[in-house]
**Student:** 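One structure, pasted below without further comment.
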Amino acid sequence: MKIEGQYDAKKIEDKIYKLWEDSGFFNPDNLPPASAKARARRRKPFTIIMPPTNANGNLHAGHALVMTIEDIMIRYKRMRGFKALWLPGLDHAGFETQVVYEKKLEKEGRSRFKMAPEELYKEILQFTLENKKNIESQIKSLGASCDWSREKFTLDAEIIKIVYETFEKLYNDGLVYRGKKIINWCAKHQTSLSDLETENTEKIDKLYYLKYGPFTIATARPETKFGDKYVVVHPKDSRYKAYAQGQKIALEWINGPVEATVIKDESIDMDFGTGTMTITPWHDAIDFGIAERHGLDKQPIIDFQGKLLPIAGEFVGMKIDEARPKIIEKLQSKGLVEKIEENYKHVVKTCYKCNTLIEPQVKEQWFLKMKPLAAPAIRAIQKNQVIFIPNHYKKIILHWLESILDWPLSRQVVWGIKIPAWHHEPICIPKKGHEKNIVHCKQIIISPIKPKCEFCDAKFVQDPDVFDTWFSSGQWPFAALAANHNAKDFKTFYPTDVMETAGEIIFFWVARMIMLGLYATKKIPFKYVYLHGLVLDAKGQKMSKSKGNVINPLEITEKYGTDALRIGLIMGNTPGQSLALDENKIKGYRNFSNKIWNASRFVLINLQDYNPTKKASLNALQKKHIKELKKLAKETTILMDDFKFYIAGEKIYHYFWHTFCDKIIEESKSALAKKGKEKQAAQYILLQILSDCLKMLHPFMPFITEEIYQQLSRLPSNRGSSTKSGPIKDKKQLLMISEWPK
RNA sequence: GGGCGGUUAGCUCAAUUGGUAGAGCGCGAAAUUGACGUUUUCGAGGCAAUAGGUUCGAAUCCUAUACCGCCCACCA
């Protein structure tokens with residue numbers, strides 16, 4: 001007997017993965033009918049599109065959870081006889097990757113602002129492609145049974161093509177528009193960000209009460225006040241009823257006399273400060289709103305580097321932090337500071353990547369109108385056409401969709417999919433011989449390739465921006481299936497069955513996939529959304545490099561085996577709930593692996609002379625065991641269908657260890673020592689129960705179970721035998737495609 | 001300001017949906033060259049955050065309260 005007393009995961013994992021890969025069964029087109037009865041069922045597809053993994057580093061614990069949950073689902077369904085497709089993908093991850101790469105550049109003493117965009121793009125591409133290979137092999141090492149022949153990358157030409165088609169359609173439908181609106185600007189990364197990409201941070205500042213003619217205004221940002229020429233009060237505020245809308249007032253301000261105009265607007269909070277404020281529409285979202293409503297002028301005060309513009313007079317070129325105290329000093333010397341409130345607590349927006357204070361700016365950008373896209377999504381969710389697991393996410397997503405704002409799509413980074421928009425001069429430059437025909441043609445053309453003006457020689461210049469990476473990710477389920485003109489795949493596998501991803505990105509991604517999927521394909525891209533929680537460290541703390549508590553899943557698998565990590569991530573992990581990953585827990589499941597190994601070893605040793613052709617006559621107790629096994633299979637099946645892997649896993653675990661090992665194996669020992677019928681029956685029972693357990697454990701612990709199953713198939717009784725009793729038929733039969741116990 | 005969760009054994013979490021609370025880890029005691037010491041057996045440990053209510057029956061449903069966490073939000 002080659003099989004040894006201690007299970008050594010390292011010895012078998014690569015070998016087993018290769019066995020699966022070579023079998024071709026990751027590709028649903030190659031799957032044989034699981035059994036005669038299941039022949040019809042195999043035609044039924046079951047599809048999961050893997051959330052494209054960021055190709056900019058290593059897999060972390062969260063990825064390990066994704067791979068495990070999804071692999072469990074897909075292996076289970078494959079064994080149930082479905083045409084199971086798990087389509088893997090990798091993500092160029094736009095801004096995220098650029099940020100990672102910029103950090104690398106910084107370490108090398110370089111800067112992206114000193115590089116030509118094409119050069120930077122090339123370097124990041126190189127970096128991403130290297131990481132892509134790395135990530136792929138890491139995904140494999142976790143046992144993911146995904147169809148690599150259908151793998152997609154978010155920068156594949158075919159994917160980009162689909163993204164462009166959607167963009168053009170949205171544009172033609174009037175849902176995409178170019179607008180000069182206020183956006184979130186990160187001065188460090190030199191790009192605009194969506195609201196989701198900013199964080200609200202509590203900050204303690206000073207609140208300055210400044211004399212503005214007859215008014216007193218309260219502000220935390222005196223440096224934006226240079227151009228303020230509108231003073232706003234609430235129309236119902238009796239304190240200011242002497243002032244009329246539009247009334248002009250001459251007053252002395254920071255850099256000399258200005259003429260202010262009184263504006264009355266309902267958005268003013270009468271209880272805040274003095275109930276009066278001046279507005280800076282260029283650098284504040286509320287102020288921008290007021291200016292839009294009243295048709296007021298807007299002008300920039302701060303540039304995109306975060307420095308004051310010439311309007312600031314003597315303060316020009318200064319950074320905000322530097323300028324603020326100096327401005328206050330000057331205001332004080334002019335007697336314009338009434339008081340300063342210390343410890344003013346307020347919430348500011350910061351960049352989610354670098355915590356830099358967001359400077360709102362007005363910028364021309366591409367926007368997507370969200371209300372018309374959200375409406376059908378809301379209806380579909382309310383009608384439960386897509387089911388959320390856990391259920392409370394339904395409320396969360398509806399709440400977000402109901403108050404959705406337009407989505408700024410452009411990003412000023414190089415790493416991403418270029419926006420297929422081309423800008424043209426306002427007036428055509430006439431071609432030779434057509435000088436008399438002055439034509440005003442389209443200033444913007446949406447086209448994947450460089451367009452030509454039919455009237456003139458003016459050149460079209462491509463929009464320099466790229467898409468928010470979530471705009472393309474939002475189309476992933478249908479794009480990944482329909483790419484390469486694969487109408488057949490699209491027809492067979494779309495809409496998909498389950499989208500499994502982190503609860504964290506429900507707005508970023510899930511909501512947008514539903515909206516864009518509905519828009520582009522008229523169908524919700526998936527039937528179920530399964531959301532998992534965060535993977536935390538053993539103490540329940542969020543993992544972070546700075547805290548030094550990051551658990552590398554690959555180190556864990558190295559130590560305890562992939563199967564131990566997998567089942568350790570599943571047990572006790574309910575959907576949506578965050579999970580504390582304790583190494584001791586994984587160690588416990590390593591012990592379980594070993595238990596499986598040794599129980600199997602016992603069976604193998606005692607079945608060398610087993611003859612499966614003889615009918616086993618079972619005693620009452622043994623019949624009870626079989627009954628109990630069937631009951632377990634039935635219950636487990638229900639739980640698996642219900643996405644309750646944590647309970648299913650625990651049930652099988654418990655049965656295997658405390659019923660099969662502790663009771664049934666122990667009971668069998670005396671019978672095995674005998675000869676004839678009694679021994680035969682004991683052997684039959686052991687084999688039957690072990691192989692069914694291996695099947696039920698397989699989705700959770702694929703490597704060890706497959707290895708043992710292969711060993712069982714090499715029992716003398718099975719070599720070349722065509723018996724129908726027991727699961728072992730042919731050497732080529734893999735546990736991976738065996739039929740789930742009934 | 002609005003929304004969503006959570007509070008169950010020392011720790012981390014369950015309970016197939018209303019039927020006298022269970023796992024893993026940890027802890028205590030014992031066994032032993034047995035498939036497995038990464039083992040086996042036995043054991044201790046819970047007025048379910050609090051206060052009410054509905055019910056024959058509540059960890060589970062309802063109403064408050066208190067903590068903890070998360071998300072959304074244009075009080076300058």
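Naming convention: chains lettered A, B, ... in sequence-line order (proteins, then strands); numbering from 1 in each chain. Just so you know, these numbers use all the heavy atoms, side chains as well, and skip hydrogens, waters and symmetry mates. These figures come from a predicted structure and were not determined experimentally.
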**Student:** Considering only atom P, compute the distance from G69(B) to G26(B) and round it to an integer number of Å.
**Tutor:** 29 Å
**Student:** Under 3.5 Å, is there a donor-acceptor pair linking the side chains of Gln577(A) and His532(A)?
**Tutor:**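 Distance-only check fails for Gln577(A) and His532(A).
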**Student:** Taking atom C1' of U38(B) as reference, at what distance in whole Å does atom CD1 of Ile704(A) sit?
**Tutor:**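 Value for this atom pair: 12 Å.
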**Student:** Figure out the CD1/P separation between Ile506(A) and G5(B), and round it to whole Å.
**Tutor:** 12 Å
**Student:** For a ring pair (Phe, Tyr, Trp, His ring centres under 6.0 Å) check, start with the C-alpha distance between Tyr655(A) and Phe660(A), then their side-chain angles and the critical distance, and finish with the verdict.
**Tutor:** CA-CA 6 Å; Tyr655(A) 177 85; Phe660(A) 181 58; 7.2 Å; no
**Student:** Taking the side chain as C-beta and beyond, is there a heavy-atom pair between Leu581(A) and Ile586(A) under 4.5 Å?
**Tutor:** yes
**Student:** Expressed as a whole number of angstroms, how long is the span from Glu402(A):CD to G2(B):P?
**Tutor:** 17 Å
**Student:** Answer yes or no: is there a donor N or O on one side and an acceptor on the other, between the side chain of Asp642(A) and the main chain of Ile638(A), under 3.5 Å?
**Tutor:**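 Judged by distance alone, no pair lies under 3.5 Å.
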**Student:** Pick out the pairs of N or O atoms, protein on one side and nucleotides 40-43 of chain B on the other, that lie under 3.5 Å.
**Tutor:**
{"unit_1": "U40(B)", "atom_1": "OP1", "unit_2": "Lys595(A)", "atom_2": "NZ", "d": "3.1"}
{"unit_1": "U40(B)", "atom_1": "OP1", "unit_2": "Trp657(A)", "atom_2": "NE1", "d": "2.3"}
{"unit_1": "U41(B)", "atom_1": "OP1", "unit_2": "Asp662(A)", "atom_2": "OD2", "d": "3.3"}

**Student:** Please encode protein proximity along nucleotides 69-75 of chain B as a string of B, S and -, counting only heavy-atom distances under 4.0 Å.
**Tutor:** --S-BBB
**Student:** Let me check something: any side-chain donor-acceptor pairs from residues 340-348 of chain A under 3.5 Å, sequence neighbours excluded? List them with distances.
**Tutor:**
{"unit_1": "Glu341(A)", "atom_1": "OE1", "unit_2": "Tyr209(A)", "atom_2": "OH", "d": "3.0"}
{"unit_1": "His346(A)", "atom_1": "NE2", "unit_2": "Asp205(A)", "atom_2": "OD2", "d": "2.8"}

**Student:** Strictly below 4.0 Å, N to O, side chains only: are Asp406(A) and Lys371(A) in salt-bridge contact?
**Tutor:**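 Salt bridge between Asp406(A) and Lys371(A), a charged N being under 4.0 Å from a carboxylate O: no.
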**Student:** Check this for me: does the side-chain of Lys651(A) come within 3.5 Å of the base of A23(B) through a donor and an acceptor?
**Tutor:** no
**Student:** Between A44(B) and A29(B), how far apart are the two C1' atoms, rounded to whole Å?
**Tutor:** 10 Å
**Student:** Any ion pair linking Lys651(A) and Glu635(A) (charged N to carboxylate O, less than 4.0 Å)?
**Tutor:**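 A salt bridge is present here (some side-chain N lies under 4.0 Å from a carboxylate O).
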**Student:** With syn defined as a glycosidic angle within 90° of 0 and anti as everything else, classify U17(B).
**Tutor:**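 That one's syn.
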**Student:** With heavy atoms under 4.0 Å as the rule, sort Lys669(A) into base, sugar-phosphate or nothing.
**Tutor:**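 Base: the residue Lys669(A), judged by heavy atoms under 4.0 Å, touches a nucleobase.
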**Student:** Taking distance alone, no hydrogens or angles, what donor-acceptor pairs closer than 3.5 Å link side-chain atoms of residues 282-291 of chain A to residues at least two apart or in another chain?
**Tutor:**
{"unit_1": "Trp282(A)", "atom_1": "NE1", "unit_2": "Gln361(A)", "atom_2": "OE1", "d": "3.1"}
{"unit_1": "His283(A)", "atom_1": "ND1", "unit_2": "Pro360(A)", "atom_2": "O", "d": "2.9"}
{"unit_1": "His283(A)", "atom_1": "NE2", "unit_2": "Ile301(A)", "atom_2": "N", "d": "3.0"}
{"unit_1": "His283(A)", "atom_1": "NE2", "unit_2": "Ile302(A)", "atom_2": "N", "d": "3.1"}
{"unit_1": "Asp284(A)", "atom_1": "OD1", "unit_2": "Ile286(A)", "atom_2": "N", "d": "2.9"}
{"unit_1": "Asp284(A)", "atom_1": "OD1", "unit_2": "Asp287(A)", "atom_2": "N", "d": "3.1"}
{"unit_1": "Asp287(A)", "atom_1": "OD2", "unit_2": "Thr280(A)", "atom_2": "N", "d": "2.7"}

**Student:** Looking only at atom P, what distance separates U40(B) and G46(B), rounded to whole Å?
**Tutor:**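 Their P atoms lie roughly 26 Å apart.
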**Student:** Rounded to whole Å, please give me the gap between CG in Leu565(A) and C1' in G24(B).
**Tutor:**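 Computing the Leu565(A):CG to G24(B):C1' distance gives 16 Å.
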**Student:** Whole angstroms only, please: what is the OH-C1' distance between Tyr653(A) and G22(B)?
**Tutor:** 14 Å
**Student:** With under 30° as parallel and over 60° as perpendicular, where do the rings of Phe507(A) and Trp400(A) fit, or are they tilted in between?
**Tutor:**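 Ring orientation of Phe507(A) relative to Trp400(A): parallel.
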**Student:** Is NZ or CZ of Lys669(A) both nearer than 6.0 Å to the six-membered ring centre of Phe602(A) and within 45° of the ring axis?
**Tutor:**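 Yes, Lys669(A) and Phe602(A) form such a contact.
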**Student:** With rounding to whole Å, what would you report as the distance between C25(B) and C68(B) at their P atoms?
**Tutor:** 33 Å
**Student:** Between Asp205(A) (CG) and A76(B) (P), how many Å, whole number?
**Tutor:** 10 Å
**Student:** For a quick check of understanding: with a heavy-atom distance under 4.0 Å over all strands, which category does Glu292(A) fall into, base, sugar-phosphate or nothing?
**Tutor:** nothing
**Student:** Taking N or O atoms only and anything under 3.5 Å, show me the protein contacts with nucleotides 13-15 of chain B, one pair per line.
**Tutor:**
{"unit_1": "C13(B)", "atom_1": "O2'", "unit_2": "Gly572(A)", "atom_2": "O", "d": "2.9"}
{"unit_1": "A14(B)", "atom_1": "OP1", "unit_2": "Thr574(A)", "atom_2": "OG1", "d": "2.3"}
{"unit_1": "A15(B)", "atom_1": "OP1", "unit_2": "Tyr646(A)", "atom_2": "OH", "d": "3.1"}

**Student:** Among U39(B), C4(B), A35(B), which nucleotide has an atom closest to any side-chain atom of Glu666(A)?
**Tutor:**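 That would be A35(B).
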**Student:** Report yes if a side-chain nitrogen or oxygen of Asn594(A) is closer than 4.0 Å to either non-bridging phosphate oxygen (OP1 or OP2) of U39(B); otherwise report no.
**Tutor:**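 It does not, given that no N or O in the side chain of Asn594(A) lies less than 4.0 Å from OP1 or OP2 of U39(B).
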**Student:** How many whole angstroms separate atom CZ of Phe660(A) from atom P of C36(B)?
**Tutor:**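 Answer to the nearest Å: 15 Å.
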**Student:** Could you check how far CG of Leu401(A) sits from P of G2(B), rounded to whole Å?
**Tutor:**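 So the two atoms are 21 Å apart, to the nearest Å.
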**Student:** Looking at Lys634(A), does any N or O in its side chain come under 4.0 Å of the phosphate oxygens OP1/OP2 on U16(B)?
**Tutor:**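 No.
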**Student:** Please give the distance between the P atoms of U17(B) and G52(B) as a whole number of Å.
**Tutor:**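 My reading of the P atoms in U17(B) and G52(B) gives 30 Å.
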**Student:** Evaluate the ring planes of Trp657(A) and Tyr653(A), with Trp represented by its six-membered ring, and classify them as parallel (under 30°), tilted (30 to 60°) or perpendicular (over 60°).
**Tutor:**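 Rings of Trp657(A) and Tyr653(A): tilted, 30 to 60°.
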**Student:** Taking C56(B) as the reference, what is the distance to G45(B) when you measure between their C1' atoms (whole Å, please)?
**Tutor:**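 Per the computed distance, 32 Å lies between those C1' atoms.
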**Student:** According to the Watson-Crick and G-U wobble definition with distances under 3.5 Å, which dot-bracket string, read 5' to 3', encodes RNA chain B, using [ ] for crossing pairs and | for pairs with another strand?
**Tutor:** (((((((..((((.....[..)))).((((((....).))))).....(((((..]....))))))))))))....
**Student:** If we take the P atom in both G5(B) and C61(B), what is their distance in whole Å?
**Tutor:**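 Result for the P pair: 11 Å, nearest Å.
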**Student:** Expressed as a whole number of Å, how far does the P atom of A21(B) sit from that of U63(B)?
**Tutor:**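 My reading of the P atoms in A21(B) and U63(B) gives 26 Å.
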**Student:** When the ring centroid of Tyr528(A) is compared with that of Phe388(A), is the distance short of 6.0 Å?
**Tutor:**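 Judged by ring-centre distance (under 6.0 Å), Tyr528(A) and Phe388(A) do not meet the cut-off.
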**Student:** Can you find a pair of side-chain heavy atoms, one from Glu197(A) and one from Asn184(A), that are under 4.5 Å apart?
**Tutor:** no
**Student:** Identify whether NZ of Lys or CZ of Arg in Lys587(A) sits under 6.0 Å from the centre of the six-membered ring of Tyr560(A) and within 45° of that ring's axis.
**Tutor:**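 Here Lys587(A) fails the 6.0 Å and 45° test against Tyr560(A).
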**Student:** With ring centroids as reference points, do Phe367(A) and Trp407(A) lie under 6.0 angstrom apart?
**Tutor:**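 Here the rings of Trp407(A) and Phe367(A) have centres that are no less than 6.0 Å from each other.
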**Student:** Determine whether Leu336(A) and Lys211(A) make a side-chain contact, defined as any pair of heavy atoms from C-beta on separated by less than 4.5 Å.
**Tutor:** yes
